[in-house]
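Take a look at the structure set out below.
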2 protein chains.
Amino acid sequence: MAATLRDVADHAQVSMRTVSNVVSGYTHVSEKMRAHVLRSIEELDYRPNPVARTLRTGRTGVVALIVPEIDVPYFSALARDMINAAATFGYRVMIDQTGHDHERERDLLTGNDRTMLFDGILFSPLVTKLELLEMNSPTKMPLVLLGEHDFDGRYDHVAIDNVRAAQDAVQHLLDRGRTRIAAIGAQPLEQYATPQQRSAGYETALTEAGIAIEPELVREAEHYSRADGYDAATALMALPERPDAIFCFSDLLAMGAMRAVFDAGFSVPEDVAIVGIDDIEEGRFSRPSLSSVSLDTAFIAERSMERLAARIDDPDRAPEQIIAPHALRARESTAIAQSP
Amino acid sequence: MAATLRDVADHAQVSMRTVSNVVSGYTHVSEKMRAHVLRSIEELDYRPNPVARTLRTGRTGVVALIVPEIDVPYFSALARDMINAAATFGYRVMIDQTGHDHERERDLLTGNDRTMLFDGILFSPLVTKLELLEMNSPTKMPLVLLGEHDFDGRYDHVAIDNVRAAQDAVQHLLDRGRTRIAAIGAQPLEQYATPQQRSAGYETALTEAGIAIEPELVREAEHYSRADGYDAATALMALPERPDAIFCFSDLLAMGAMRAVFDAGFSVPEDVAIVGIDDIEEGRFSRPSLSSVSLDTAFIAERSMERLAARIDDPDRAPEQIIAPHALRARESTAIAQSP
DNA sequence: TTGTAAGCGTTATCAT
DNA sequence: ATGATAACGCTTACAA
């Protein structure tokens with residue numbers, strides 16, 4: 001069996017209190033005593049039991065990061081930054097993926113999950129704000145929301161301005177002289193906020209440019225995957241009146257769409273300009289490289305982790321809304337201006 | 001404050017034992033009693049404290065997955081499958097990235113980390129087997145190794161046959177009539193097993209084909225990133241005698257290499273055929289699509305999780321070595337046979 | 001500065 | 001089938 005605090009105390013002929021002080025507190029221990037206890041710890045190869053410590057202190061030192069899918073590049077980049085940010089606050093990260101499963105999201109949030117060994121939740125939700133309000137109330141687990149814009153100020157959240165980001169992307173296509181601009185990533189269900197907001201930005205940009213929205217140019221995508229982008233773009237290129245640009249709601253959609261355009265016998269950006277959102281590294285090495293709206297995952301990670309740490313320390317503080325910056329990165333996929 | 005087991009017992013006028021039985025055991029409880037206790041639980045909105053349960057049972061229900069970088073597509077795909085596999089065994093996954101930091105690897109393995117709230121470790125290591133042997137001994141935390149081939153049978157591990165995988169990739173290039181085959185991803189330090197094994201496979205395939213190894217065609221790469229692949233391929237294409245094929249030790253290297261070949265004014269596969277290892281989804285949508293050796297991450301996840309669960313239940317069982325299957329996927333990047 | 005002892009919220013071992 | 005109670009290993013008043 002592993003040695004316990006008591007074993008060390010017995011071995012060193014001191015009280016548990018003193019050993020505990022040496023192990024964690026370092027307060028009021030004479031140097032001689034410290035060295036003495038340390039020797040016993042060494043000899044018995046003692047390691048403090050984190051579970052016992054947690055039961056006593058009420059802190060696990062772990063926060064949960066909940067995302068739809070960890071293998072989506074945007075989320076894995078976010079996870080990377082989150083793990084780093086958490087480390088600077090002394091936390092570790094447990095990652096959970098909901099896999100687009102609403103039940104799972106709710107279980108995690110309501111604390112119905114049997115093993116909630118963490119102090120707080122960083123949650124990138126799929127479902128609407130309305131449902132969320134009810135959800136988290138029973139458990140009162142510290143919570144920071146990620147990636148959505150509008151939560152009525154009831155929760156801490158770090159978001160990007162989705163409407164504006166979409167608008168900027170479409171405006172970039174307009175600036176390149178494109179006028180027949182398609183969109184991939186819309187979703188009919190109102191409960192998904194991200195597609196709603198990006199659709200809104202798309203429509204705003206076109207409307208402000210005096211261009212009418214054509215429903216046949218707006219394509220749905222269920223999972224923001226390469227395959228979804230491929231299918232949607234294939235359909236667009238089969239249209240009698242093809243688009244001269246495609247705004248994809250995510251870079252992954254855009255990667256699929258680019259390949260579809262080529263497979264249909266057209267080229268990017270000559271025939272069709274393409275722009276995405278997320279600025280994943282993949283798009284910087286693709287051919288052509290992908291123009292995209294960059295979201296600052298490091299910023300999102302740092303600020304949200306800082307919020308969560310603050311809330312864990314003081315559950316009653318007022319919620320804060322933070323908007324992460326975004327910036328358009330123009331690359332080859334929108335490089336050529338359309339001659340009118 | 002949250003309600004405890006004792007609160008429920010008091011409220012229901014029964015013993016803690018009975019409440020505990022209702023909550024978890026379900027053994028020997030009359031239906032009437034169950035209903036009665038359940039009502040009290042409902043009324044007090046009682047949720048069992050997982051930390052207390054853990055202290056008592058010695059099980060957290062969490063396993064740690066340790067990888068170099070979570071945002072490398074191969075590892076995030078593995079993480080996705082691991083989270084799913086763990087769920088079928090009743091475990092959750094905490095992800096840690098070592099970020100190529102040997103210190104961090106050692107801390108995790110030796111249990112020097114302060115918050116080891118997990119029952120076992122799934123470890124995808126960078127460092128050599130030799131170091132590992134010493135590392136895990138003091139803590140005896142259940143451990144399953146991933147991705148390496150040769151660990152002397154002292155640990156459970158699920159690996160691919162790296163030598164064979166590399167050999168198959170190079171053989172595929174030979175089959176396409178390529179003879180001047182470069183390699184990207186070698187590493188000088190002997191302690192990194194993966195590059196050593198893949199280098200060995202590369203050399204074996206060439207030697208068997210009667211082709212001499214040319215040192216200038218073997219390029220190092222530190223991080224198996226797109227950028228490293230780009231740089232290495234750029235150097236290769238600047239050679240007086242250019243290669244007609246490149247074997248990249250990872251798909252990410254290959255994605256960078258492909259872009260570099262194009263930027264140097266050549267084309268894939270006409271001038272240079274390219275093959276990678278990992279078979280990440282990105283390579284199926286790139287232009288050209290990437291030929292690659294597919295590693296079965298779902299298989300690796302399921303088998304390793306099964307091993308770990310078994311070892312947690314019985315720490316003394318004999319270690320097992322499992323080789324995960326691999327298979328070459330020929331795609332466009334090696335589509336054209338070289339005319340001699 | 002160090003020792004004593006009371007919990008933290010469960011589960012498990014005795015009984016009954 | 002249920003009840004009392006002792007651990008699990010640690011932190012921290014309270015004393016000394």
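Just so it is clear, the model here is predicted, and its values are computed rather than measured.
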### Query
Relative to the 5' end of DNA chain D, which residue comes earlier, M16(B) or L55(B), by the nucleotide with the nearest heavy atom?
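The 5'-side residue here is M16(B).
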
### Task
Decide if atom CD of E43(A) counts as having more than 12 heavy atoms of other residues, nucleotides or ligands within a radius under 6.0 Å.
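Enclosed.
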
### Message
Does R6(B) have more than 12 heavy atoms from other residues, nucleotides or ligands lying within 6.0 Å of its CZ?
### Response
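Counting neighbours around CZ of R6(B), 12 or fewer heavy atoms of other residues, nucleotides or ligands fall under 6.0 Å, so no.
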
Protein-nucleotide distance ([X], atom [atom1]; [N], atom [atom2]), rounded to Å:
X: Q13(A); N: dT4(C); atom1: CD; atom2: C1'; result: 17 Å
X: D7(A); N: dC10(D); atom1: CG; atom2: P; result: 9 Å
X: N21(B); N: dT11(C); atom1: CG; atom2: P; result: 9 Å
X: R59(A); N: dC10(D); atom1: CZ; atom2: C1'; result: 16 Å
X: R47(B); N: dC8(C); atom1: CZ; atom2: P; result: 21 Å

### Message
Once you apply a heavy-atom cut-off of 4.0 Å, does V51(B) come out as touching a base, just sugar-phosphate, or nothing?
### Response
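No contact at all - V51(B) keeps every heavy atom at 4.0 Å or more from the nucleic acid.
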
### Task
Could you check whether M33(B) gets within reach of a base, just the sugar-phosphate, or nothing at all, counting any heavy atom under 4.0 Å?
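Answer is sugar-phosphate: M33(B) comes under 4.0 Å of backbone atoms only.
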
I want to verify a distance call: between [options], whose nearest atom is closest to the [X] side chain?
X: L5(A); options: dT1(C), dT11(D), dG9(D); value: dT11(D)
X: T4(B); options: dC10(D), dT1(C), dG9(C); value: dG9(C)
X: S20(A); options: dT1(C), dT12(D), dG9(D); value: dT12(D)

### Query
Closest approach of R307(A) and I322(A), non-hydrogen atoms and distance?
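For R307(A) versus I322(A), the nearest heavy atoms are CG-CD1, 3.9 Å.
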
### Query
Taking all non-hydrogen atoms of both residues, which atom of M33(B) and which atom of T18(B) are closest, and how far apart?
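Result for this residue pair: CG-CG2, 3.7 Å.
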
#### Entry: Secondary-structure string, 5' to 3', Watson-Crick or G-U under 3.5 Å, | for another-strand partners, for DNA chain C
||||||||||||||||

### Query
Is the closest basic N to carboxylate O distance between E42(B) and R39(B) below 4.0 Å?
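Looking at R39(B) together with E42(B), the answer is no, because their closest N to O distance does not fall below 4.0 Å.
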
### Message
Looking at R47(A) and D45(A), is there a salt bridge between them, counting it only when a charged N and a carboxylate O are closer than 4.0 Å?
### Response
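Yes, this pair counts.
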
### Message
Taking 4.0 Å as the cut-off, does a side-chain nitrogen or oxygen of T54(B) come that near to OP1 or OP2 on dC8(D)?
### Response
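Answer is no, no contact under 4.0 Å.
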
### Message
Is T57(B) close enough to dC8(D) that one of its side-chain N or O atoms is under 4.0 Å from OP1 or OP2 there?
### Response
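So the side-chain polar atoms of T57(B) never come under 4.0 Å of the phosphate oxygens OP1 or OP2 of dC8(D).
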
Check whether the side chain of [X] and the base of [N] form a donor-acceptor pair under 3.5 Å.
X: R53(B); N: dT10(C); answer: no
X: R6(B); N: dG9(C); answer: no
X: R56(B); N: dT10(C); answer: no
X: R17(A); N: dT1(C); answer: no

### Message
In the structure I gave you, are the side-chain heavy atoms of Y46(B) and V23(B) within less than 4.5 Å of one another anywhere?
### Response
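In contact.
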
